[in-house]
Structure formats: C-alpha cells, structure tokens
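I have placed the structure first, in the form of structure tokens, so that the comments after it can refer back to it.
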Amino acid sequence: MTAKRFSVVAAAATTVLVAVVALVGTDALGREASLVIDKVFQFTGSAAAVVAFSRTARHRAGVARRWRSWMVAATGSLAVGLAVWIWGQVFFGVWLPTSMLSPVCFVLVPLLVLGAVLAVARGDDHDHAHPADRPVRRPRGRAVLVLDGLVVAGSVFVLTWVSALESVVREWASSGPAFTPVVVHPAGYLVLVVVLLVLSWNHDSVRRLPMLFIALGGLAQSASGWVFAYLISQGATAVPTIADAGFLAGPVLFLLAALAPVRGRRSSAAGETLYLLVPYLPLVVTGLFIAFGTASGVRFDPVEIYAGLAVVLLVIVRQLLTMIDNVRLVEQLSHSREQLRHLAFHDSLTGVANRALLRDRLTAALARQDRVDQRLVLLFIDVDGFKKINDDFGHAEGDAVLRNVAERLLGCVRPEDVVARLGGDEFGVLVDGHRGAAEQIGERVLAALRVPHRIGGREHRVCASIGVCEQTAYEPGCSADDVLGRADAAMYSAKRLGKGMVVVHETPEVARR
C-alpha cells in the first residue's frame with residue numbers, strides 16, 4: 001500500500017475508532033448495547049487484522065513473512081478470546097469472562113507479538129550477507145541494552161505501583177491463580193513495549209512504521225488492562241465501558257500495522273538523541289511523581305523505596321558501562337587514526353615510505369640547510385629487469401621481488417634515512433647529513449640488488465639504474481620537486497648509458513659500472 005493511500009485508510013480508521021469510543025464510553029445507547037458494540041468492534045478489528053496480516057504475508061518472503069505470520073497467530077488469538085467472551089455475554093448474560101479460554105487467549109497475544117518483534121530484529125541482523133553491507137552498530141554491548149530495558153521497566157513499575165499496582169498485587173496474592181491472567185495480560189504488553197523500545201535503539205527495522213503501530217497497540221492494550229485489573233481488585237463486578245478505550249484501539253492499531261508501508265532504513269541524529277534520552281525519561285517522570293507525592297505527605301512503603309533505589313543503581317551501572325564503552329571507542333579511534341596516517345604515508349605492498357612522505361622529509365631537509373651546514377643526497381632508483389619477472393612469473397612473484405628490494409635498500413642506509421617506493425618499480429632514498437661520497441651509496445645499493453632474489457624456489461636477477469642528486473649547501477628557491485626532478489633526470493641518463501649504473505646529477509662523467 002502506498003503512503004498516500006495508507007494515510008487515507010489510517011485517517012478513516014481513526015475517525016471510526018474515536019466515534020465508537022465516544023459512543024461506547026457515554027453509554028448513549030444503554031449499557032447493554034454499549035457492551036455489545038464494544039466487544040463486536042474489538043472482534044471485527046481483530047478479525048480484519050488477521051485477514052490483513054495473512055494476505056500481506058502471502059505476498060512476501062523471508063523475514064517479512066515470518067513476523068507477519070507471528071502477527072496472524074497473535075491477532076487470531078485475540079479474535080478467539082473475544083469470540084468466547086461475546087459467546088458468554090450473548091448466551092449467559094455475564095459481562096466478565098466465564099471461561100479460562102478467553103484469559104489464556106488474551107495472555108498469549110503479547111507473547112506472540114513479541115515473537116514477531118524478535119523475528120524482525122533477527123532479520124535485521126541477517127539481512128546483510130557481507131559485513132560491509134551491515135548497518136554500523138553503536139559501541140554498546142548487550143549488557144547496556146538490558147540495563148536500558150530494566151531502567152525503563154523499573155521506572156514504569158515504580159510509577160504504576162505508587163498509583164494502582166499495589167492494590168492489584170494484593171488482590172492477586174489473596175485470590176490466587178484465578179487472578180493471574182488479569183495481571184499477566186497487561187504486564188505482558190508492558191514487557192512487549194519495553195522490548196520494542198530497547199530494540200529500536202539498535203535495529204533500524206524495528207523503527208519502521210509497522211512496529212510503531214504495534215507499539216501503540218501494545219500501549220493501548222496495557223493501559224486498559226491495568227485499569228481493568230485495578231477495578232477488579234477493588235471488587236468491581238462490572239467495568240465501565242470507557243475503560244475499554246485501549247482495548248478498542250488495540251485491534252485497530254494492529255490492523256494499521258498490517259497495512260502500513262515499510263519505509264527504508266533511515267538513521268538520523270534524532271535517533272541518537274532518542275537513544276540518549278529515552279532510558280531516563282521514565283525515570284524523570286517517576287522521580288517527579290514521587291517528589292510531588294512526598295511534598296503532599298504521601299508515605300511510601302518499602303517496595304516503592306527499594307524499587308526506586310534499584311532503578312537508580314541500574315542507572316549508575318549503565319553509566320559506568322557507557323563510560324567504559326566511550327573509553328574503548330576513543331582508543332579505537334586513536335588506533336584507527338594512526339593506521340590511517342601510516343597508510344597515507346607508506347606503501348601498502350612494501351611497507352616503506354611513499355612518495356608523499358619522501359617529499360615531506362625532503363622539504364624539511366632542504367629547509368634545515370638554511371640553518372645548518374649539512375648536505376643531503378637523494379637517490380632515484382629504477383629496478384632493471386623487473387618487468388620480465390612480472391610478465392614471465394606473474395604479479396605475485398613480482399611483488400615478492402619488490403618487497404625484497406625494499407628490504408635490501410633499508411639495509412643499505414641508516415635507520416634515520418628514508419627509503420620510499422615512488423611507484424611501480426621505482427624507489428627513492430633520502431640520506432640527510434651523509435659525510436661520504438654520494439656515489440658510494442649508489443654503489444652499495446647496486447651491490448645489494450645484484451645478489452639473486454630467491455622466490456618460490458626460483459632465482460631472479462635484477463639490477464638498477466640510479467640517479468643521484470647531491471645538495472651540498474642551501475640553495476634559495478630549490479624545492480623538493482626540483483631535487484626529485486634532478487635525480488630522475490640522472491636516473492634516465494644512467495639508463496641511456498647502459499643500465500646498472502650510478503649517475504650523479506650534472507656530473508655524468510663520474511658514472512661507474
């Protein structure tokens with residue numbers, strides 16, 4: 001169903017619901033007629049939800065079919081419970097359930113809906129086969145999610161206990177098993193709503209429109225369920241029809257959940273803000289409620305006091321875990337930053353510096369020459385014979401040779417000197433502060449590279465053409481690119497002279513074999 005069409009359907013359903021609640025709540029047609037309209041409307045909404053979920057499940061597959069099948073069972077259980085209740089009203093004239101079948105069916109509904117919600121959450125985890133396609137998870141563990149749920153549930157428990165739950169529990173304790181479904185029914189919906197809320201912080205699919213209507217339906221059922229339980233605990237033999245407003249709204253909201261369009265995933269800053277605030281909103285409301293009660297002279301019993309302290313303790317533990325997560329996140333970000341920095345300035349194949357780092361170090365060395373009388377030597381090295389290895393034995397073996405070349409270059413210079421791969425089979429070596437002849441460094445490199453490279457049981461022989469640029473004093477206006485260009489030109493001179501040679505810039509006559 002399109003979003004525009006669904007808006008029309010939702011508006012119509014809401015209008016009908018408001019009209020029925022007003023009609024039933026005011027007993028305009030008399031109490032007996034209002035009760036009949038009440039239960040028949042609930043049954044009709046439940047049956048329509050069964051049909052809607054069944055039809056939409058048939059046209060879907062995977063997770064969409066699974067969670068809708070759970071909802072077929074849930075709304076079906078609700079419809080059966082209502083049918084049995086209506087049967088008792090029509091044939092026995094009793095306005096409360098006369099059979100345990102109705103309460104059992106009603107208790108099953110939130111459990112089955114919970115199965116649908118968990119199916120959606122599990123599907124969100126498995127929708128993406130490749131890890132790169134999975135949604136980014138926030139740095140919080142399951143323990144924090146459980147604590148968030150306990151904070152919300154504990155706050156709601158304190159709030160309901162102070163207002164009405166205490167008398168309900170007393171009646172439950174005195175009446176025994178017969179009163180159990182009356183308490184379990186609204187409590188089940190409350191657990192459902194808390195689970196939905198907690199899962200929505202970590203699963204995008206639970207934040208979609210169908211789950212929103214399911215959450216609203218659960219809230220409506222729970223609210224009327226608690227009112228029903230409270231009135232029964234006070235000895236009421238007939239429940240006012242207006243108390244059924246939530247029961248009337250529940251099936252309609254479930255029906256809208258079946259028809260609601262499924263929108264794509266959408267992450268936003270508002271969702272992150274909701275994650276930070278929602279666990280504490282019920283706690284704040286409960287705290288204000290208790291504060292006003294204390295100011296007005298209300299005396300709290302031990303259950304209320306200990307439950308409130310337990311919720312505060314949960315919040316403290318939750319904050320400690322969040323702080324630990326934040327520290328771990330900062331450490332991970334720092335480590336990732338260092339890794340990115342290393343990757344930005346180093347060659348991924350050989351592990352030596354790349355052109356950018358060599359250029360930075362060369363620029364710094366040239367700037368130092370203005371203050372310190374220190375010469376520098378730059379070698380531009382082109383590996384001769386590498387292309388034949390690549391063509392004859394493949395890139396894997398060629399890469400292994402390049403790694404060997406990088407290791408041997410590192411062994412030819414001091415630890416403070418810079419060895420860099422400039423690209424392909426070209427390397428650069430920056431020697432800052434060298435006191436010997438520049439040609440000696442080149443000859444040492446040539447000798448190291450002439451030693452055969454043993455790769456995969458085979459020997460490969462390569463050599464190099466080396467261009468050298470020696471800066472003996474500060475030269476105003478000379479840049480790193482200028483020095484690289486001079487060394488590059490000297491290297492090409494070495495190639496023209498026959499390869500396997502060292503040529504110093506502007507002094508090709510000193511070239512040696």
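The first residue in the sequence is number 1, and the count goes up from there. Predicted, not measured: the structure shown is a model, and the values here were computed from it.
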### Query
Rounded to the nearest 0.5 Å, how far apart are SG of Cys463 and CE of Met501?
10.5 Å
### Message
Which residue is it: Val468, Val413, Ile466? I am looking for the one with a side chain to side chain contact (heavy atoms under 4.5 Å, CB included) to Val429.
### Response
Val413
### Query
Do Arg359 and Asp481 come within less than 4.5 Å of each other through their side chains, counting heavy atoms only?
yes
### Task
Report the C-alpha distance between Leu366 and Ser479 in whole Å, list the side-chain angles of each, state the deciding distance to 0.1 Å, and finish with yes or no for side-chain contact (heavy atoms from CB on, under 4.5 Å).
CA-CA 7 Å; Leu366 290 171; Ser479 67; 5.6 Å; no
### Message
Would you say Arg208 and Ser205 are linked by a side-chain donor-acceptor pair, where the criterion is simply a distance under 3.5 Å?
### Response
no
### Message
Using every non-hydrogen atom in the two residues, find where Val107 and Leu111 come nearest and quote the distance to one decimal.
### Response
O-CG, 3.8 Å
### Message
If you define the side chain from C-beta out and look only at heavy atoms, does anything of Leu216 sit under 4.5 Å from Leu256?
### Response
no
### Query
Is the closest side-chain heavy-atom distance between Ser222 and Val193 below 4.5 Å?
no
### Task
Please answer whether the main-chain N or O of Gln332 pairs with a side-chain N or O of Ser336 as donor and acceptor at a distance below 3.5 Å.
yes
### Query
Where is the tightest heavy-atom contact between Val502 and Glu443, given as atom of each residue plus distance?
CG2-N, 4.0 Å
### Message
Centre-to-centre under 6.0 Å for Phe386 and Phe427, is that the case here?
### Response
no
### Summary
For Leu343 and Asn354, the nearest pair of non-hydrogen atoms, with its separation, is O-ND2, 4.4 Å
### Message
For the CG atom of Asp417 and the CG atom of Leu409, what is their distance to the nearest 0.5 Å?
### Response
11.5 Å
### Summary
Of all heavy-atom pairs linking Arg68 and Phe53, the shortest is O-CB, 3.9 Å
#### Entry: Pair Asp360-Thr363, side-chain donor/acceptor within less than 3.5 Å
no
### Message
Under a 3.5 Å distance rule, please check whether Arg408 uses its side chain to pair with a backbone N or O of Ala448 as donor and acceptor.
### Response
yes
### Query
Are side-chain heavy atoms of Met491 and Asp488 found at a separation under 4.5 Å?
yes
#### Entry: side-chain contact (heavy atoms from CB on, under 4.5 Å) between Arg337 and Leu340, intermediate numbers included
CA-CA 5 Å; Arg337 190 183 300 115; Leu340 289 174; 5.7 Å; no
#### Entry: Beyond-backbone contact of Leu422 with Phe380, side-chain heavy atoms, under 4.5 angstrom
yes
### Message
Please report the interatomic distance CG(Leu192) to CD(Gln221), rounded to the nearest 0.5 Å.
### Response
10.5 Å
### Pairwise distance CZ(Arg60) to OG(Ser69) - rounded to 0.5 angstrom
11.5 Å
### Query
Is the backbone N or O of Val330 less than 3.5 Å from a side-chain atom of Ser334, with the two atoms forming a donor-acceptor pair by type?
no
### Query
In terms of heavy-atom contacts, does CZ of Arg458 have more than 12 from other residues, nucleotides or ligands at under 6.0 Å?
yes
### Query
Quick one: does Arg496's side chain get under 4.5 Å of Ser493's, heavy atoms only?
yes
### Task
Could you tell me the separation between the CZ atom of Arg414 and the CG atom of Asp432, rounded to the nearest 0.5 Å?
7.5 Å
### Query
Would you say the side chains of Asp382 and Ser465 form a donor-acceptor pair under 3.5 Å?
no
### Query
Which pair of heavy atoms, one from Thr75 and one from Ala49, lies closest together, and at what distance?
CG2-CB, 3.7 Å
#### Entry: Side-chain touch Gln471/Leu378, heavy atoms, less than 4.5 angstrom
no
### Sequence neighbours excluded, every pair satisfying ring pair (Phe, Tyr, Trp, His ring centres under 6.0 Å) that has a member inside residues 390-415
Phe393-His460
### Query
Hey, mind stepping through Leu112 and Ser77 against side-chain contact (heavy atoms from CB on, under 4.5 Å) and telling me if it holds?
CA-CA 9 Å; Leu112 294 170; Ser77 180; 4.1 Å; yes
### Task
Taking the side chain as every heavy atom from C-beta outward, state whether Glu397 and His453 have any pair of such atoms under 4.5 Å apart.
no
### Task
Go through the structure and list residues passing ring pair (Phe, Tyr, Trp, His ring centres under 6.0 Å) with His346, not counting sequence neighbours.
His342
## Note on the structure
Rounding to 0.5 Å, atoms CG (Leu362) and CG (Leu430) come to a distance of 5.5 Å
### Task
Verify whether one side chain among Thr350 and Arg421 offers a donor that lies under 3.5 Å from an acceptor in the other.
no
### Task
Report the C-alpha separation of Asp384 and Lys495 in whole Å, then their side-chain angles, then the decisive distance to 0.1 Å, and conclude whether the side-chain contact (heavy atoms from CB on, under 4.5 Å) test is met.
CA-CA 9 Å; Asp384 298 323; Lys495 278 188 173 295; 2.8 Å; yes
#### Entry: Minimal non-hydrogen separation, Asp482 against Gly477, with atom names
OD2-O, 3.6 Å
### Query
Is it true that the side chains of Gln339 and His335 contain a donor and an acceptor less than 3.5 Å apart?
yes
